Amino acid sequence: MQDNMTKKHKIFIMSAIFSFFACGVALAILLSNVLFRPVSSNNLNAVTSPNFEVHFIALNKSQIEANANSLCQDYQKLGAGGYVWQVGAYYHILSSGFENRSDAELVQNNLLKTHGISSELISIKFESFKLNGNFTSDNKKILEKAVNSFFDAYKSLYDIAISLDTQVTNVLEARLAVNSVCTRISNIYADYQTVFARDKSLAKLNSYLEKEVDTSSKLASETLISPTQTYASLVKYRYIELLKCYYDLANELK
């Protein structure tokens, strides 16, 4: 009887010791997690810019920039963007730009068949770049919007230009849509300035965002490139100008 009691007593003591040990291990793990918690992934992030390609319809070209600029007005009064972009040894007069090459080819063929205008496709790649920093989740979203604003604005203005060309919308409706895009650009930059105005590591991005705001302001105020330029031409010119701005930024930061 006494032996049984002794065995039960030993089992109870062993169980108590094991339980105490298990609790001690669990507490140690808990304290370890508290004291050595890894940095949240929301605080250490890189913002990566979009990587894409745009297929431009080039209506003419020249090895002399002044000659290319002098030809722009003739195309702008017909509704083409008429933006001069140097590629290699030539200054190309660009009419419009398309994300999908098949869309560009369709318009190119239509220009030849319907208007007898021959053209060339110029495909330009926009390289990605990365901005490293210690960003909170909310600040990262603001920075991402700023970086993506160039391409997003292009897509919105492209849609407006297409709607004008196909007479889906009239000029008044297009103006209202353009103003909405320009307001969005201004708001994105205002948010960016609130958070990153003093961040010297983002100085280059800031300078190009300022150019973006300036370009959108000129579009909103309808500052013409040539006196006979159509509104559809102006929208195309400005969205190509925004793409060129982003292209230069990417080349500096990649």
Side-chain angles (χ1 to χ4, degrees), residues 49-129 150-168 174 178 181 208 211-212 215 218-219 223-252 254:
S49 69
N51 179 19
F52 57 94
E53 186 174 27
V54 177
H55 309 281
F56 296 96
I57 293 179
L59 300 176
N60 212 328
K61 64 183 178 182
S62 175
Q63 289 185 303
I64 302 174
E65 186 177 10
N67 289 349
N69 287 327
S70 66
L71 293 171
C72 287
Q73 293 189 29
D74 294 333
Y75 294 110
Q76 288 170 346
K77 66 183 179 182
L78 298 176
Y83 188 92
V84 175
W85 191 319
Q86 184 181 8
V87 179
Y90 287 93
Y91 294 91
H92 296 268
I93 301 174
L94 305 181
S95 172
S96 51
F98 303 81
E99 278 189 85
N100 298 319
R101 186 178 180 88
S102 58
D103 292 339
E105 291 172 344
L106 186 65
V107 173
Q108 184 184 31
N109 293 332
N110 185 60
L111 283 173
L112 184 60
K113 291 180 181 179
T114 307
H115 304 286
I117 299 175
S118 59
S119 59
E120 180 183 358
L121 283 188
I122 304 295
S123 297
I124 297 178
K125 292 183 178 181
F126 296 78
E127 302 295 340
S128 177
F129 61 85
F150 299 91
F151 186 54
D152 290 342
Y154 153 68
K155 289 192 294 184
S156 296
L157 295 175
Y158 166 85
D159 288 340
I160 295 169
I162 288 292
S163 295
L164 274 172
D165 286 343
T166 56
Q167 298 182 342
V168 173
V178 163
V181 175
Y208 279 97
K211 292 178 182 179
E212 179 188 26
T215 297
K218 289 177 180 176
L219 175 57
T223 303
L224 298 177
I225 309 305
S226 58
T228 57
Q229 184 177 28
T230 68
Y231 189 69
S233 167
L234 181 62
V235 174
K236 294 170 190 173
Y237 182 95
R238 294 304 181 190
Y239 79 55
I240 298 175
E241 187 175 27
L242 287 176
L243 286 174
K244 182 60 166 64
C245 187
Y246 178 79
Y247 180 84
D248 292 340
L249 170 63
N251 283 339
E252 286 197 37
K254 68 178 182 180

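Treat the numbers as computed from the prediction; the structure is a model and nothing was measured.
Taken to the nearest 0.5 Å, the CG atom of L59 stands 6.5 Å off from the CD1 atom of I117. Here CG of N110 is found 6.0 Å from NE2 of H115. Values are rounded to the nearest 0.5 Å. Annotation: the span from N69 atom CG to I64 atom CD1 amounts to 11.5 Å, rounded to 0.5 Å. Taking SG from C245 and CZ from R238, the interatomic distance works out to 12.0 Å, rounded to the nearest 0.5 Å. Here L164 contributes atom CG and D159 contributes atom CG; the two are 11.5 Å apart, rounded to the nearest 0.5 Å. Distance CG/L234 to CD/Q76: 8.5 Å, rounded to 0.5 Å.
A side-chain donor-acceptor contact under 3.5 Å links K236 to the backbone of G79. Between the S233 side chain and the A80 main chain, a donor and an acceptor come within less than 3.5 Å of each other. Looking at S156, its side chain never comes within 3.5 Å of a backbone N or O of V181 through a donor-acceptor pair. For Q108 (side chain) and S119 (main-chain N/O), a donor-acceptor pair under 3.5 Å exists by modelled atom type. Q229 places a side-chain N or O within 3.5 Å of a backbone atom of I225 that can act as its donor or acceptor partner.
The minimum heavy-atom distance linking F129 with S49 is given by the pair N-OG, 2.7 Å. Between Y91 and Q63, the closest heavy-atom pair is CE1-O, 3.7 Å. The minimum heavy-atom distance between G97 and F56, with the atom names listed, is CA-CD2, 3.6 Å. For the residue pair Y237 and G81, the shortest heavy atom distance occurs at CD1-O, 3.3 Å. The nearest pair of heavy atoms linking A104 to L121 is CB-CD2, 3.8 Å.
Figure legend: cation-pi geometry between K155 and Y158 absent, as NZ or CZ is not positioned both under 6.0 Å from the six-membered ring centre and within 45° of its axis.
Side-chain atoms of P227 and Q73, non-hydrogen and from C-beta on, do get closer than 4.5 Å to each other. Side-chain contact check for F126 versus V54: some heavy-atom pair is nearer than 4.5 Å. Side chains of E105 and R101 form a contact here, defined as non-hydrogen atoms less than 4.5 Å apart. In this structure, F52 and K125 have side chains that are not in contact, with every pair of non-hydrogen atoms separated by 4.5 Å or more. Within the 4.5 Å cutoff, no side-chain heavy atoms of L249 are placed close to those of K254. Proximity of N100 to H55: side-chain heavy atoms (C-beta onward) are nowhere separated by under 4.5 Å.
Qualifying side-chain contact (heavy atoms from CB on, under 4.5 Å) partners for L71, counting only residues two or more places apart in sequence or in other chains: N60, Y75, I93. Applying the salt bridge (Lys or Arg N to Asp or Glu O under 4.0 Å) criterion to D74, with sequence neighbours excluded, gives no partner residue. L78 pairs by the side-chain contact (heavy atoms from CB on, under 4.5 Å) definition with nothing, not counting sequence neighbours.
Ring geometry for F150 against Y246 counts as tilted: the plane angle lies between 30° and 60°, on a 0 to 90° scale. By the 30° and 60° cut-offs, the orientation of the rings of W85 relative to Y83 is perpendicular.
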Item checked: Derivation and outcome, side-chain contact (heavy atoms from CB on, under 4.5 Å), residues K61 and E120 -> CA-CA 9 Å; K61 64 183 178 182; E120 180 183 358; 3.7 Å; yes
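Ion pairing between a basic and an acidic side chain is recognised when a charged N comes within 4.0 Å of a carboxylate O; K244 and E241 show no such pairing.
When F98, F151, Y154 are each tested for a ring pair (Phe, Tyr, Trp, His ring centres under 6.0 Å) with Y239, only one passes: Y154. The side chain to side chain contact (heavy atoms under 4.5 Å, CB included) test with L157 singles out one residue from I162, V178, L243, D152, and that residue is V178.
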